[in-house]
Colleague: 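Can you keep this structure in mind? I'll have questions shortly.
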Number of protein chains: 2
Amino acid sequence: MTADPVSTVFAALADPTRRAILARLAAGEATVNELAAPFPVSVQAISKHLNVLERAGLIVRTREAQWRRCRLEPAPLRTLAEWVDQYRKLWDDRYDTLDAYLDNLKGKDDEPAQ
Amino acid sequence: MTADPVSTVFAALADPTRRAILARLAAGEATVNELAAPFPVSVQAISKHLNVLERAGLIVRTREAQWRRCRLEPAPLRTLAEWVDQYRKLWDDRYDTLDAYLDNLKGKDDEPAQ
DNA sequence: CGTATATTCAACTCATCGGTTTATCAACCA
DNA sequence: TGGTTGATAAACCGATGAGTTGAATATACG
């Protein structure tokens, strides 16, 4: 209930169908039926997936006659990239300056070092 | 079940307690009790969280007398960073060369453009 | 108007999740 | 040996998730 935004985005991405929908939308806007076509599930199930993606802020839907055009909203992905970048120094050998690491840390959620 | 690795990692990170555990482990190894101390839940609950993180490959546990020392394993985070980087061009204005975008696309899961 | 199309809503099922409590296992210590 | 500590296992509970089917809503079209 009322989960934090980061958790909501991670949860939305923890489903291969939803990630495939995002991948499709990265190529351009699409309607619900167009998005549902490749999947072996009902259109209603896709509509639910779109609700999850919309609540996570990953897509926006606009009315257009009887269609609902879906568009990808990259802002949460940017937040995610920043979150994971907190840990980059742990795997990236080229990331060797402590200063840059501490800079990245400022004002972030779930700081690795408090 | 037997969810794909990417889904498993995303799901593991979709919980603030588990992300806080990772943040703590980024500062250094710790035992289960040490990890559980800051949280208002039982040690058993934390042990379950550690199972989830271990199955996602985000931590490894090593026996040491009666203690179980936990260490962060950054490899899945690196995979995650690569996944989200597929979408970087959508929000990053500096990411404006199509070639670099297509290069990043090769051999990745959930390609934005098939 | 009536009908077809696009989409969502509602109710239901089944599995999983995060938490609990209780019990068990393993290692140290007196 | 027995007791204490660290950690996991097992059984259970309430909530949520992903899917279904069936009905409702909204817009276009004849």
Side-chain angles (χ1 to χ4, degrees), chain A residues 1-22 24-25 28-71 110, chain B residues 1-25 28-72 110:
Chain A
M1 62 295 288
T2 65
D4 63 290
V6 179
S7 295
T8 305
V9 173
F10 272 123
L13 295 174
D15 184 284
T17 301
R18 286 196 289 266
R19 289 199 307 279
I21 289 175
L22 286 189
R24 166 65 184 80
L25 289 178
E29 302 188 359
T31 68
V32 178
N33 268 328
E34 289 169 353
L35 291 173
F39 299 103
V41 298
S42 65
V43 180
Q44 292 95 320
I46 300 297
S47 186
K48 283 187 169 186
H49 281 305
L50 294 175
N51 278 329
V52 174
L53 291 171
E54 190 176 45
R55 265 183 275 122
L58 285 161
I59 67 168
V60 292
R61 280 182 283 189
T62 61
R63 269 234 95 88
E64 197 169 313
Q66 71 251 234
W67 296 279
R68 293 268 254 168
R69 192 150 289 275
C70 301
R71 174 167 45 87
D110 301 328
Chain B
M1 53 275 327
T2 66
D4 62 289
V6 179
S7 295
T8 305
V9 175
F10 272 123
L13 295 175
D15 183 285
T17 302
R18 287 195 289 265
R19 289 200 307 279
I21 288 175
L22 286 190
R24 165 64 184 79
L25 289 178
E29 302 188 359
T31 67
V32 178
N33 268 328
E34 288 168 355
L35 290 173
F39 300 103
V41 299
S42 65
V43 180
Q44 292 93 321
I46 300 296
S47 186
K48 282 188 171 187
H49 281 306
L50 294 175
N51 279 328
V52 175
L53 291 171
E54 191 177 44
R55 266 183 274 121
L58 285 161
I59 67 167
V60 293
R61 281 183 282 190
T62 61
R63 271 233 94 87
E64 198 169 313
Q66 71 251 234
W67 296 280
R68 294 266 256 170
R69 192 149 291 275
C70 301
R71 173 167 45 87
L72 198 153
D110 301 329

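In what follows, every chain begins at residue 1, and chains take the letters A, B, ... in the order their sequences are listed.
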Colleague: What is the distance, to the nearest angstrom, from the CD atom on A/Glu64 to the C1' atom on D/dA28?
Modeller: 14 Å

Colleague: Nearest whole Å is fine: how far is D/dA18 C1' from B/Asp4 CG?
Modeller: 15 Å

Colleague: Rounded to whole angstrom units, what separation is found between the CG atom of B/Leu35 and the P atom of D/dA7?
Modeller: 9 Å

Colleague: Quick one: is B/Ser42 getting a side-chain N or O under 4.0 Å of the C/dT20 phosphate, OP1 or OP2?
Modeller: yes

Colleague: Quick check for you: to the nearest 0.5 Å, what is the distance between B/Asp15 atom CG and A/Asp4 atom CG?
Modeller: 9.0 Å

Colleague: Would you kindly give the CD1-to-C1' distance between B/Ile21 and D/dA7, to the nearest whole Å?
Modeller: 14 Å

Colleague: Distances under 3.5 Å only, N/O to N/O: pair up the protein atoms with those of nucleotides 6-10 of chain C.
Modeller:
from  : atom 1 : to      : atom 2 : distance (Å)
C/dT7 : OP1    : A/Val32 : N      : 3.3
C/dT7 : OP1    : A/Arg68 : N      : 3.2
C/dT7 : OP2    : A/Asn33 : N      : 2.8
C/dT7 : OP2    : A/Asn33 : ND2    : 3.0
C/dT8 : OP1    : A/Arg61 : NH1    : 2.8
C/dT8 : OP1    : A/Arg68 : NE     : 3.3
C/dT8 : OP2    : A/Ser47 : OG     : 2.7

Colleague: Provide the closest heavy-atom pair for A/Ala11 versus B/Ala14 in the form atom of the first, atom of the second, distance.
Modeller: N-CB, 3.5 Å

Colleague: Starting at atom CD1 of A/Ile46, determine the distance to atom P of D/dG19, rounded to an integer number of angstrom.
Modeller: 7 Å

Colleague: What is the separation between atom CZ on B/Phe10 and atom P on D/dG17, rounded to the nearest whole Å?
Modeller: 17 Å

Colleague: Between the main-chain N or O of B/Ala12 and the side-chain N or O of B/Arg18, is there a donor-acceptor pair closer than 3.5 Å?
Modeller: yes

Colleague: Just to confirm, is there a sub-4.0 Å distance from OP1 or OP2 of D/dG19 to any side-chain nitrogen or oxygen of A/His49?
Modeller: yes

Colleague: Looking at every heavy atom in both A/Leu25 and A/Ala30, which two are closest together, and how far apart are they?
Modeller: CD2-N, 3.9 Å

Colleague: Give the minimum heavy-atom separation between A/Leu50 and A/Leu35, together with the two atoms involved.
Modeller: CD2-CD1, 3.8 Å

Colleague: Using modelled atom types and a 3.5 Å cut-off, is there a donor and acceptor pairing between side-chain atoms of B/Arg19 and backbone atoms of B/Leu13?
Modeller: yes

